[in-house]
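Read the numbers this way: they start at 1 and go in the same order the structure lists the ligands and their atoms. Only a predicted model underlies this, so the values are computations on that prediction, with no experimental measurement involved.
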Amino acid sequence: MTDLIADPASPPAAPAPARASVGEARLAGAVAAAMALGVGELVTGLGASSQSLIGSVGNGFIRQSGGDLARTAISLFQTADKPALIIGIVVICLLIGAALGVASRRRPWIGAVGFATFGLIGVWAAASDPLASVGRATIGAAVAVAAGLGTLTLLLRLAASTHSAAAARPERPVNPERPSVRDTPTTPHASRRAFFGWTAAAGAFAVTAAVAGRAAVQGTSNAARAAIRLPVPTKRAVPVGAPASMTGPGVASFDVDGLSPYLVPNHDFYRIDTALVVPNVNPDTWSLKVSGMVSNPFEITFDELMSLPQIEEAVTLSCVSNEVGGKLVGNALWQGVPLGTLLQHAGVQPDASQVVGRSVDGFTAGFPTAALTADRTAIVAVGMNGEPLPVLHGFPARLVVAGLYGYVSATKWLSEIHLTTLDAFDGYWIPRGWSKLAPIKTESRIDVPRSGAPLQAGTIPIAGVAWAPGPGRGITRVEVQVDDGPWKEATLGAVLSDSTWRQWMLAWEATAGTHTLRVRATDGTGETQTGDEAPPEPDGATGWDSRRVTVT
Ligand SMILES: Nc1nc2c(c(=O)[nH]1)N[C@H]1C(S)=C(S)[C@@H](COP(=O)(O)O)O[C@H]1N2
Ligand SMILES: [Mo]
């Protein structure tokens, strides 16, 4: 029986090691994940890599879900959706971090494996992201993993020391007359404070690192952009003595409140692209290749491109996913080198039938060489409305081809112009269900009266824009119908070329009641816009824009 009695000389069973509570471990893990993300942004940003790890992961994510995105509109990744996706990725990372923190309380190796996996996913995503450099991503991921794991280990230890201090408390001598003695760093109160203090500091550092990393990247292209002076074009889009509505962005031909200006200011211009993180291109290291089925493939620097004669033209750009009455269309002055100049220099082989623009981010858009007739404006643009291209609109250079939807022609952040055949290559959106040939359809839109606006009987302007950009097209007639009345011809604004939209206006003698307004346009070939309704997919929406208004 004696052997059942503990030998008083043997050491007592070791007490369970003090651990962070589940809540503390969760917090520590989330902050450690934030630290990894923030440091990753900082390292990739200081490396002046134009892609961040988070951006690469997001792009990889989009690629992986490509099948599902096939059925969604090109407008899916409009400006508003991008922050949502980035925030989603960050939140998921923080949640996984929190779970890793909890698991690491007992098994620290789980945290190590988890963070290393994070890093590998970042490198894997970068490897298939044309914007990212795998070398920089690897360094960034390694430093990020180290920072994340280090943060997790330190915070878990700090939290654990809280509890060991708590456990130790009853044994510690307490001097009731001098309670402040307990306020040493090993007391539970102080070490809890230390834990939360360090947690907050780590979180703040992580956010600062991320912001600084992105700012470093954007600073490079913003500074380069600010230093650019556009050369005087050999041909200006705005003739001397042109009406005020054409000489600058933001002005309309008709004095109607709410009517779209003839030239849309850059900051109001619609933006569509697949880029989760906008490519920040440094023009000093950027170059443009002309390659493929050409007799003289070549590559030019930004300075060389800028030294070639430039033209300026007004061209209306439209997105194929624009719904009838939608806002994914705009008109601007584009300045740059005619695409023909570069193609002539390259010597396009007679068998080539497709021009493919490739972006630094891997996006591609292709259209038939046959579209490049002498009367079609096609520019490698470096300027928009008199300024260097905004970063969002393709800095330092993009393609603008009059009359073709953006997804087949208007490659932003252009890096290569590749000549091939129509059969040999499909641009980005083609396998995703969109038409290979995509001329912009004749469309018209009512801007005013706005729906829901209070209207009073009397003369009310109905006004908007209509477009059928392209050689031999342009808008020649716009008609408005009120209820089931006759189609009435609207007055047309002036245009700079057949490549732009046209403002229109009709003074309506409105009577009290609810009315339906409709608009339709006719292009330069005499063809009137169809009233048959079709969705944007696969080659552009059709139908008449209409609006119900109530007049009192
Ligand atoms: N690199 C790149 N260029 C791109 C795209 C893109 O996703 N990536 N989208 C195209 C589409 S679908 C349209 S409608 C136009 C829009 O140009 P904007 O954003 O300047 O209006 O850009 C085109 N160029
Ligand atoms: Mo588009």
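In terms of N/O distances under 3.5 Å, ligand 1 is approached by I272. The shortest N or O to N or O distance between R398 and ligand 1 is below 3.5 Å. At least one N/O-N/O distance between H393 and ligand 1 falls below 3.5 Å. Taking only nitrogen or oxygen atoms, main chain and side chain alike, W413 does not reach within less than 3.5 Å of ligand 1. By the 3.5 Å distance cut-off applied to N or O atoms, K412 is counted among the residues near ligand 1. At under 3.5 Å, not a single nitrogen or oxygen of A275, backbone or side chain, sits near a nitrogen or oxygen of ligand 1.
Using modelled atom types, one finds a donor on one side chain and an acceptor on the other under 3.5 Å when comparing T500 with Y262. There is a side-chain donor-acceptor pair under 3.5 Å between S359 and D361. No donor-acceptor contact under 3.5 angstrom links the side chains of Q354 and T420, judged on distance only. Judged purely by distance below 3.5 Å, without hydrogens or angles, the side chains of D539 and S435 never pair a donor atom with an acceptor atom. T421 and D423 share no donor-acceptor pair across their side chains, judged by distance under 3.5 Å alone. A donor and an acceptor atom, one from each side chain of R473 and T442, are located under 3.5 Å apart.
Interface atoms of ligand 1 facing T274, defined by a heavy-atom separation under 4.0 Å, are 6 (C), 7 (O). Which parts of ligand 1 touch F269 is read off a 4.0 Å heavy-atom cut-off, strictly below it: atoms 21 (O). Proximity to C319 (heavy-atom distance under 4.0 Å) selects the following atoms of ligand 1: 14 (S). The atoms of ligand 1 that sit less than 4.0 Å from any heavy atom of Y407 are 11 (C), 12 (S).
Checking A365, S415, G406 against atom 13 (C) of ligand 1, the nearest heavy atom belongs to G406.
Counting heavy atoms under 4.0 Å from ligand 1, residue S359 touches it through the side chain alone. Proximity of F363 to ligand 1, defined as any heavy-atom pair under 4.0 Å, is confined to the side chain (atoms from C-beta onward). Contacts between V320 and ligand 1, counted as non-hydrogen atom pairs separated by less than 4.0 Å, are absent for every part of the residue.
Between the side chain of R547 and the backbone N or O of I446 there is at least one donor-acceptor pair closer than 3.5 Å.
Counting all heavy atoms, side chain and backbone alike, E416 lies closest to L288 at N-CD1, 3.7 Å.
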Exercise for the section: Assess whether side chain to side chain donor-acceptor pair (under 3.5 Å) is satisfied between T542 and D532, documenting all intermediate values. Expected result: CA-CA 6 Å; T542 60; D532 294 344; over 6 Å; no
